[in-house]
Amino acid sequence: MARGDGIADQVRAMLRALGEDPDREGLLRTPERVEKSLGFLTQGYERDPVAIVNDALFAVSYDEMVIVRDIEVFSLCEHHMLPFYGKAHVAYIPDGKVLGLSKVARLVDMYARRLQVQERLTVQIAQTIQDVVKPRGVGVVIEARHFCMIMRGVEKQNSEAVTSCMLGAFRTESKTRDELLSLLRRPATAP
């Protein structure tokens with residue numbers, strides 16, 4: 001059985017359990033749409049971080065901080081399967097090699113496209129960059145809004161969760177960590 005097989009049948013059963021008629025016009029193709037949607041939203045399970053990085057590690061004599069900030073994050077909370085969304089900020093200090101900038105965003109997407117909790121997502125991104133790039137340090141900060149808090153439960157529409165993972169120099173050197181956090185507080189200037 002391939003990943004995702006049978007989801008449409010389960011959605012039909014769920015619709016019936018909710019008191020809906022899965023054969024009415026507006027819902028006729030909903031089970032297949034949900035199956036396709038969930039396949040897209042969880043495609044990160046099928047991705048390999050080493051394959052994503054591929055050959056995008058470059059020998060460069062640059063030892064200052066590299067930050068890719070404001071990377072859009074869209075994921076599904078593993079507790080309610082409701083969306084959470086926000087921005088990821090990823091920084092590292094190279095140690096002889098730099099990673100192609102688009103690969104940072106692709107790693108964020110790979111882990112976000114799984115059932116997640118924001119805390120684990122933050123650590124997975126940082127740990128993968130640490131393991132693959134082997135920099136002097138990695139810092140990841142994610143700011144996100146969770147629909148499980150916005151549209152159900154406590155219904156706090158303006159709440160935001162912020163998580164961070166600091167490894168290497170970002171954990172051991174307070175000046176380095178402070179520099180990163182200071183740079184993240186600055187407004188974006190790119191057009």
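Numbers here are sequence positions counted from 1. Below, all heavy atoms of this structure are taken into account, side chains as well, without hydrogens, waters or symmetry copies.
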**Q** Check whether any side-chain N or O of Thr42 sits under 3.5 Å from a backbone N or O of Leu38 as a donor-acceptor pair, and report yes or no.
**A**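 The answer is yes, because a donor-acceptor pair under 3.5 Å joins these two groups.
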**Q** Carefully, step by step, assess Phe74 and Arg113 under the rule side chain to side chain contact (heavy atoms under 4.5 Å, CB included).
**A** CA-CA 7 Å; Phe74 300 95; Arg113 296 293 187 200; 4.0 Å; yes
**Q** Looking at every heavy atom in both Gln130 and Val138, which two are closest together, and how far apart are they?
**A**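 Nearest pair, atom of Gln130 first, then Val138: OE1-CG2, 3.4 Å.
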**Q** Over all heavy atoms of both residues, which pair between Ala91 and Ile67 is shortest? Give the atoms and the distance, please.
**A**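 Minimum heavy-atom separation between Ala91 and Ile67: CB-CG1, 3.7 Å.
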**Q** CG of Asp70 to NE2 of His89: how many Å apart, nearest 0.5 Å?
**A**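 Here the interatomic distance stands at 5.5 Å.
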**Q** Answer yes or no: is there a donor N or O on one side and an acceptor on the other, between the side chain of Ser75 and the main chain of Arg114, under 3.5 Å?
**A**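 Judged by distance alone, yes, a pair lies under 3.5 Å.
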**Q** State the CZ-CG distance between Arg120 and Leu115, to the nearest 0.5 angstrom.
**A**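 That separation rounds to 9.0 Å.
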**Q** Hey, which of Leu107, Val68, Val132, Val90 is the one that makes side chain to side chain contact (heavy atoms under 4.5 Å, CB included) with Leu99?
**A**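 Only one option passes, and that is Leu107.
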**Q** Can you check whether Leu183's main-chain N or O pairs, donor with acceptor, with Arg69's side chain at less than 3.5 Å?
**A**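 Such a contact is found between Arg69 side chain and Leu183 backbone.
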**Q** So, for Met149 and Ser159, which heavy atoms are closest and what is the spacing to 0.1 Å?
**A**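 Shortest heavy-atom separation between Met149 and Ser159 comes out as CE-OG, 3.5 Å.
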**Q** Whether the Gln118 and Thr163 side chains hold a donor-acceptor pair (N or O, under 3.5 Å, no angle test) is what I'd like checked.
**A**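 Yes, Thr163 and Gln118 have a side-chain donor paired with an acceptor closer than 3.5 Å.
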**Q** So how far is it from Glu64 CD to Glu179 CD, rounded to the nearest 0.5 Å?
**A**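 That separation rounds to 7.5 Å.
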**Q** Minimum heavy-atom separation for Leu180 and Gly139, please, with both atom names.
**A**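 Smallest heavy-atom distance, with atoms named: CD2-CA, 4.1 Å.
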**Q** Could you tell me whether the side chain of Lys134 and the main chain of Asp95 form a donor-acceptor pair under 3.5 Å?
**A**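 Here the side-chain-to-backbone pair does not exist.
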**Q** Donor-acceptor check, side chain of Arg145 to backbone of Tyr85, threshold 3.5 angstrom: yes or no?
**A**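 Checked: no pair found.
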**Q** Once rounded to the nearest 0.5 Å, what's the spacing between atom CE of Met166 and atom CG of Leu181?
**A**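 If we round to the nearest 0.5 Å, Met166:CE and Leu181:CG are 5.0 Å apart.
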**Q** Is atom CZ of Arg33 surrounded by more than 12 heavy atoms (other residues, nucleotides or ligands) closer than 6.0 Å?
**A**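 Above 12, so yes.
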**Q** Could you tell me whether a side-chain N or O of Glu35 sits under 3.5 Å from a main-chain N or O of Ile7, the two making a donor and an acceptor?
**A**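 Pair found, side chain donor or acceptor close to backbone of Ile7.
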**Q** Do side-chain atoms of Arg12 reach the backbone of Pro22 as a donor and acceptor pair under 3.5 angstrom?
**A**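 The answer is no, because no donor-acceptor pair under 3.5 Å joins these two groups.
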**Q** Rounded to the nearest 0.5 Å, how far does CD1 of Ile129 lie from CG of Leu167?
**A**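 Between atom CG of Leu167 and atom CD1 of Ile129 there are 9.5 Å.
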**Q** With a 4.5 Å cut-off on side-chain heavy atoms, are Ile142 and Phe84 touching?
**A**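 Side-chain contact under 4.5 Å: no.
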**Q** Take Asp21 and Leu27, measure what side chain to side chain contact (heavy atoms under 4.5 Å, CB included) needs, and give me the verdict at the end.
**A** CA-CA 8 Å; Asp21 175 7; Leu27 294 175; 5.8 Å; no
**Q** For Pro135 versus Ile93, what's the shortest heavy-atom pair and its separation?
**A**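 So the two residues come closest at CB-O, 3.0 Å.
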**Q** Start with the C-alpha gap between Val140 and Leu121, add the side-chain angles, then the distance that decides, and say whether side chain to side chain contact (heavy atoms under 4.5 Å, CB included) holds.
**A** CA-CA 10 Å; Val140 175; Leu121 174 61; over 6 Å; no
**Q** Measuring from Gln116:CD to His79:NE2, what's the distance to the nearest 0.5 Å?
**A**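 It comes to 10.5 Å.
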**Q** Do any N or O atoms from the side chain of Tyr92 and from the backbone of Val133 form a donor-acceptor pair under 3.5 angstrom?
**A**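 Not a single qualifying donor-acceptor pair exists.
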**Q** Can you see which heavy atom on Leu15 is nearest to which on Pro31, and at what distance?
**A**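 Heavy atoms of Leu15 and Pro31 come nearest at CD1-CG, 4.3 Å.
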**Q** Please check if atom CZ in Arg106 has more than 12 non-hydrogen atoms from other residues, nucleotides or ligands closer than 6.0 Å.
**A**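 Open.
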